[in-house]
A.B. asks: 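Let me give you the structure first, and then I'll get to my questions.
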Amino acid sequence: MISVAGKAAITFGSNHPHSRALLKQACETHGWKKAVSRPPSKHGALERAVREVAKPLLDVDIPLSIRALEDDLSFEAVRIKRGSTRNLVVHVFSAKVDPATGAVSVLSWDPSLSQAELALLTQSAYDNQLLNLSASQVRTVVATVVRKLGGVALGAANLYYLPHDALQTWAKWRDEAQLFTYHNVPFEVASDPATVEHIIDQLNKEVAAEAPAVIEAVSSGLLEPRTAKALARKAQAIVDKIKSYESALGQQLDWMRGPLEQAQSALAVSTLIAVSA
């Protein structure tokens with residue numbers, strides 16, 4: 001069972017595109033093989049690269065739109081100015097990637113821009129997009145790791161509570177992943193009632209969101225043994241988390257009695273199904 005007594009930490013940071021390989025390796029080192037999403041597709045990488053390069057070009061006050069062209073793996077960037085009778089479309093540039101070589105070529109461009117410079121910028125942006133996860137994807141990985149360590153999101157972007165016995169593992173993982181924008185603020189759990197109240201509130205929201213799905217799946221009675229084992233692990237995690245937070249925060253979380261008892265029942269049923277195969 002996870003213990004969160006004594007000193008804990010509020011973890012916060014900022015997300016930017018980051019190396020998928022570093023995140024994946026760090027997660028796999030700790031046994032979290034599914035914590036990192038699949039590599040970006042060539043299609044998505046080129047679309048984001050064209051947007052990145054076009055964003056500071058031409059009249060930035062006119063909305064930018066990225067549109068797929070008929071040829072596979074090709075996009076154009078245009079700025080669309082809304083008019084009373086018709087819209088004014090200003091072409092910025094278009095680009096295509098060779099799926100075999102990964103080479104980016106600029107197909108057309110505004111006369112005020114340099115084709116060679118656009119090609120270099122788009123190639124660099126495309127290569128980075130293939131190697132890196134987006135800021136939002138990085139945030140998803142961080143949130144997953146925090147949950148695996150028994151922590152809880154505190155309702156604001158990139159703000160988490162981590163129990164004291166998870167801090168060493170968190171710091172090791174953060175350094176391995178080279179996410180140096182994340183920092184910890186240590187505090188004594190019992191000496192900060194307002195923070196404790198907020199932690200409990202966020203834990204309640206998390207349990208309320210997760211428990212019903214586990215219970216519903218178990219109640220269906222259509223579980224395969226492998227699925228039952230996975231649900232048993234989820235139910236056990238919910239049970240352990242509620243109990244450990246009760247112990248650490250020094251109070252009974254009475255309004256979680258229902259989800260706790262239901263999760264325990266789901267755990268018992270799914271475990272029986274799993275071992276009966």
Side-chain angles (χ1 to χ4, degrees), residues 2 4 7-41 44-57 60-61 63-64 66 121-122 124-189 192 194-203 205-206 209-210 241:
I2 300 167
V4 292
K7 282 188 178 295
I10 301 297
T11 294
F12 67 95
S14 59
N15 290 322
H16 307 281
H18 195 70
S19 167
R20 179 181 180 274
L22 284 174
L23 289 166
K24 186 173 185 293
Q25 183 176 358
C27 287
E28 290 183 347
T29 297
H30 294 272
W32 307 323
K33 293 185 178 180
K34 296 182 179 181
V36 178
S37 58
R38 293 179 178 179
S41 68
L46 180 60
E47 180 180 12
R48 290 190 296 273
V50 169
R51 181 179 299 278
E52 178 185 328
V53 173
K55 191 174 181 179
L57 301 178
V60 296
D61 293 328
L64 179 68
I66 310 300
L121 290 172
T122 309
S124 177
Y126 173 73
D127 292 341
N128 285 333
Q129 288 289 347
L130 285 177
L131 295 174
N132 295 332
L133 295 184
S134 67
S136 62
Q137 289 173 319
V138 173
R139 183 164 59 249
T140 298
V141 174
V142 170
T144 298
V145 170
V146 168
R147 286 195 300 272
K148 288 184 178 296
L149 292 175
V152 64
L154 294 180
N158 304 316
L159 189 63
Y160 307 95
Y161 165 81
L162 279 171
H164 84 286
D165 60 351
L167 297 182
Q168 185 174 357
T169 302
W170 162 261
K172 189 173 187 296
W173 176 84
R174 181 201 61 190
D175 291 348
E176 290 168 348
Q178 296 184 24
L179 282 177
F180 301 125
T181 57
Y182 275 85
H183 309 279
N184 292 343
V185 178
F187 73 102
E188 286 285 349
V189 175
D192 194 341
T195 302
V196 169
E197 182 178 353
H198 188 56
I199 291 170
I200 291 172
D201 181 59
Q202 294 303 313
L203 176 63
K205 290 179 180 178
E206 181 180 306
E210 293 181 0
K241 199 162 191 176

A.B. asks: Test of understanding: with side chain to side chain donor-acceptor pair (under 3.5 Å), list the residues that count as partners of D127, not counting sequence neighbours.
C.D. replies: Q123

A.B. asks: Using every non-hydrogen atom in the two residues, find where A35 and T144 come nearest and quote the distance to one decimal.
C.D. replies: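 In terms of heavy atoms, the two residues are closest at CB-CG2, 4.0 Å.
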
A.B. asks: Using a 3.5 Å distance criterion without hydrogens, assess whether the side chain of R174 forms a donor-acceptor pair with backbone atoms of Y182.
C.D. replies: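 Yes, the answer is positive, given that a donor and an acceptor are paired below the 3.5 Å cut-off.
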
A.B. asks: With heavy-atom distances below 4.5 Å as the criterion, would you say the side chains of C27 and V141 are in contact?
C.D. replies: yes

A.B. asks: Looking only at heavy atoms, which two atoms of R51 and L64 are closest? And how far apart?
C.D. replies: O-CD2, 4.0 Å

A.B. asks: What pairs with R48 under side chain to side chain donor-acceptor pair (under 3.5 Å), at least two apart in sequence or on another chain?
C.D. replies: Q129

A.B. asks: Look up atom CG in L22 and atom CD in Q178, then write down how far apart they are to the nearest 0.5 Å.
C.D. replies: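 L22 CG to Q178 CD: 4.5 Å, rounded to 0.5 Å.
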
A.B. asks: Would you please name every residue forming a side-chain contact (heavy atoms from CB on, under 4.5 Å) with H30, sequence neighbours left out?
C.D. replies: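 With sequence neighbours excluded, H30 shows a side-chain contact (heavy atoms from CB on, under 4.5 Å) to W32, T169, K172, W173, E176, given in chain and number order.
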
A.B. asks: Can you name the residues that form a side chain to side chain donor-acceptor pair (under 3.5 Å) with E47, not counting sequence neighbours?
C.D. replies: none

A.B. asks: Say whether, by atom type as modelled, one donor and one acceptor occur between the side chain of T181 and the main chain of S14 under 3.5 angstrom.
C.D. replies: yes

A.B. asks: After noting the C-alpha distance and the side-chain angles of L23 and L179, does the key distance pass the side chain to side chain contact (heavy atoms under 4.5 Å, CB included) rule?
C.D. replies: CA-CA 9 Å; L23 289 166; L179 282 177; 3.8 Å; yes

A.B. asks: Sequence neighbours excluded, which residues qualify as side-chain contact (heavy atoms from CB on, under 4.5 Å) partners of L121?
C.D. replies: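 Applying side-chain contact (heavy atoms from CB on, under 4.5 Å) to L121 gives V53, E117.
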
A.B. asks: Please, which pairs that meet salt bridge (charged side-chain N to carboxylate O under 4.0 Å, His left out) have at least one residue in residues 9-26, sequence neighbours excluded?
C.D. replies: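 Qualifying pairs, neighbours excluded: K24-E28.
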
A.B. asks: Just jot down the side chain to side chain donor-acceptor pair (under 3.5 Å) partners of T11, sequence neighbours excluded, or say none.
C.D. replies: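 In terms of side chain to side chain donor-acceptor pair (under 3.5 Å), with neighbours along the sequence ignored, T11 is linked to N184.
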
A.B. asks: N132: which residues meet the side-chain contact (heavy atoms from CB on, under 4.5 Å) condition with it, sequence neighbours left out?
C.D. replies: P17, S19, N128

A.B. asks: Who are the ring pair (Phe, Tyr, Trp, His ring centres under 6.0 Å) partners of H183, not counting sequence neighbours?
C.D. replies: F12

A.B. asks: State, to 0.1 Å, how close E52 and P56 come at their nearest heavy-atom pair, and which atoms those are.
C.D. replies: O-CD, 3.5 Å

